[in-house]
Amino acid sequence: MTKHESAGNPSSGLIVSAHGRHYVVEIASGELLHCYPRGKRGKLACGDQVMIERSGDQQGAIIKVQPRTSLLYRSDRHRQKIIAANVTQVVVVVAAMPAFHEDLLLRCLVACEQQGVKGLIILNKTDLIDETAPTAVQLALYESLGYTVVPLSAKQDVTPILPPLHGQRSVVVGQSGMGKSTIVNALVPDAKARTAEFSTKLDAGKHTTTGARLYHLDPDTSIIDSPGMQTFGLHHLSQPDLVNGFPEFRSFLGRCRFDDCRHTVEPGCAIAEAVEHNEIDERRWNAYRELTTELENKPPEWA
Ligand code: GDP
Ligand code: ZN
């Protein structure tokens, strides 16, 4: 430890691994420190910019978290689960096999819109399908909404996703089995080795193998690998957040008969009319209405 970094002299760092209350923080020199938050503070996330105080060799205490530009989370019945902080893009990995849940994709994109970050969709395992496959057709809708869809066969070549990743901090999310690990391992060939290094060096064992993990691809580009998920709860959103989650609704807002229109069953609803005129896809409106019902019936602890 140099004099400058000695205990009591805070330095800034980046959380590159998060699991429970255990964090791995990368400091300017590139060194990795095993850190715990000091005191009682809210959950921190991979991608958080923090101030730390070293407490020993390769160890430290997180004393402050810097303001975030974005914070992506999902909720389950009881609580929020932070996925990542300060990302500029969410990459959702889907595949034709096993079948992917469109609902999960839609929810991830709503969360993205709510945080004002870009959404990118990877259609993986294209070696198993062609462009007439139902999955590919299904994704055309998202492309028409402005999301970039990158067809990929991660087993053969991941280079098609390098341009849309460049200059971004992307969190990679997806249902298990879609090929997320294959993609991350191809982008970061030593990902597995680095995970082992985190674990042994910091003696954190099981703590550092299952959480989110940030990797630098180049000085301007990083990706955060997050654990596979099967559900994506949106209980934490408000009704306006939800409306905002559907970018194609925006140009129709403010044109409904009632100022407090919820765009579900109200007469004179501009969104419903747009659906009727095929200006908004009916699948999306149905999904919106289902999510609205879900928000209205959320568990009392979320209300
Ligand atoms: P994860 O659960 O999303 O991390 O998925 P994995 O990366 O573990 O991949 C799940 C399965 O899909 C594995 O058997 C992979 O070998 C396979 N897989 C991943 N990418 C491709 C691909 O591009 N084409 C094919 N055919 N299989 C793939
Ligand atoms: Zn309306």
Side-chain angles (χ1 to χ4, degrees), residues 83 90-101 104-105 108 120-131 133 135-136 139 149-162 170-189 191-192 195 209-213 215 223-232 239-277 279-282 284-293 295-296:
I83 302 173
V90 176
V91 177
V92 189
V93 182
V94 302
M97 279 187 253
F100 80 96
H101 303 306
L104 193 71
L105 168 65
C108 290
L120 177 78
I121 302 166
I122 294 180
L123 171 58
N124 190 31
K125 311 196 193 184
T126 50
D127 52 302
L128 302 178
I129 55 165
D130 63 29
E131 68 277 8
T135 316
L139 290 180
V149 178
V150 182
L152 197 73
S153 173
K155 274 195 168 170
Q156 289 161 2
D157 181 17
V158 290
T159 55
I161 52 169
L162 292 178
S170 306
V171 58
V172 189
V173 299
Q175 185 187 325
S176 319
M178 301 286 112
K180 192 165 64 61
S181 316
T182 307
I183 294 169
V184 171
N185 291 329
L187 289 171
V188 190
K192 277 190 185 140
T195 300
T209 51
T210 54
R213 164 87 18 94
Y215 301 101
I223 57 167
I224 296 177
D225 186 18
S226 69
M229 54 179 74
Q230 295 298 340
T231 58
F232 200 109
Q239 181 69 18
D241 285 339
L242 186 59
V243 175
N244 194 38
F246 289 75
E248 73 271 43
F249 289 9
R250 286 174 202 157
S251 61
F252 299 98
L253 298 175
R255 299 200 207 162
C256 302
R257 185 179 308 161
F258 302 111
D259 286 345
D260 61 350
C261 185
R262 297 171 75 81
H263 324 300
T264 54
V265 294
E266 294 83 349
C269 172
I271 303 290
E273 277 162 21
V275 172
E276 212 161 285
H277 298 138
E279 291 166 302
I280 289 178
D281 192 284
E282 194 169 9
R284 296 271 295 172
W285 188 44
N286 289 340
Y288 163 81
R289 290 192 295 172
E290 274 171 34
L291 287 172
T292 301
T293 307
L295 280 192
E296 285 168 352

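Worth knowing before you read on, the calculation uses all heavy atoms, side chains too, and leaves out hydrogens, waters and symmetry mates. Since the structure is predicted, the reported quantities are computational estimates derived from the model, not experimental observations. As the structure lists them, so they are numbered: ligands from 1, and atoms in each ligand from 1.
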- Query: When you look at L187 and Y215, which way does the side-chain contact (heavy atoms from CB on, under 4.5 Å) test go after all the steps?
  - Reply: CA-CA 9 Å; L187 289 171; Y215 301 101; over 6 Å; no
- Task: For T126 and L152, indicate whether the former's side chain and the latter's backbone hold a donor-acceptor pair under 3.5 Å.
- Result: yes
- Task: Anything with a heavy atom under 4.0 Å from ligand 1 counts, so go ahead and list those protein residues by chain and number.
- Result: N124, K125, D127, L128, S153, A154, K155, Q175, S176, G177, M178, G179, K180, S181, T182
- So does Q156 have more than 12 non-hydrogen atoms from other groups sitting under 6.0 Å from CD? yes
- Query: Going through the checks in order, is the side-chain contact (heavy atoms from CB on, under 4.5 Å) test met by V172 and I183?
  - Reply: CA-CA 9 Å; V172 189; I183 294 169; 5.5 Å; no
- Message: Taking E296 first and then R262, would you say they form a salt bridge - that is, a charged N and a carboxylate O separated by under 4.0 Å?
- Response: yes
- Check step by step if side-chain contact (heavy atoms from CB on, under 4.5 Å) holds for F246 and W285. CA-CA 9 Å; F246 289 75; W285 188 44; over 6 Å; no
- Query: Given atoms SG of C256 and ND1 of H263, what angle do they subtend at the Zn ion (ligand 2), to the nearest 10 degrees?
  - Reply: 100°
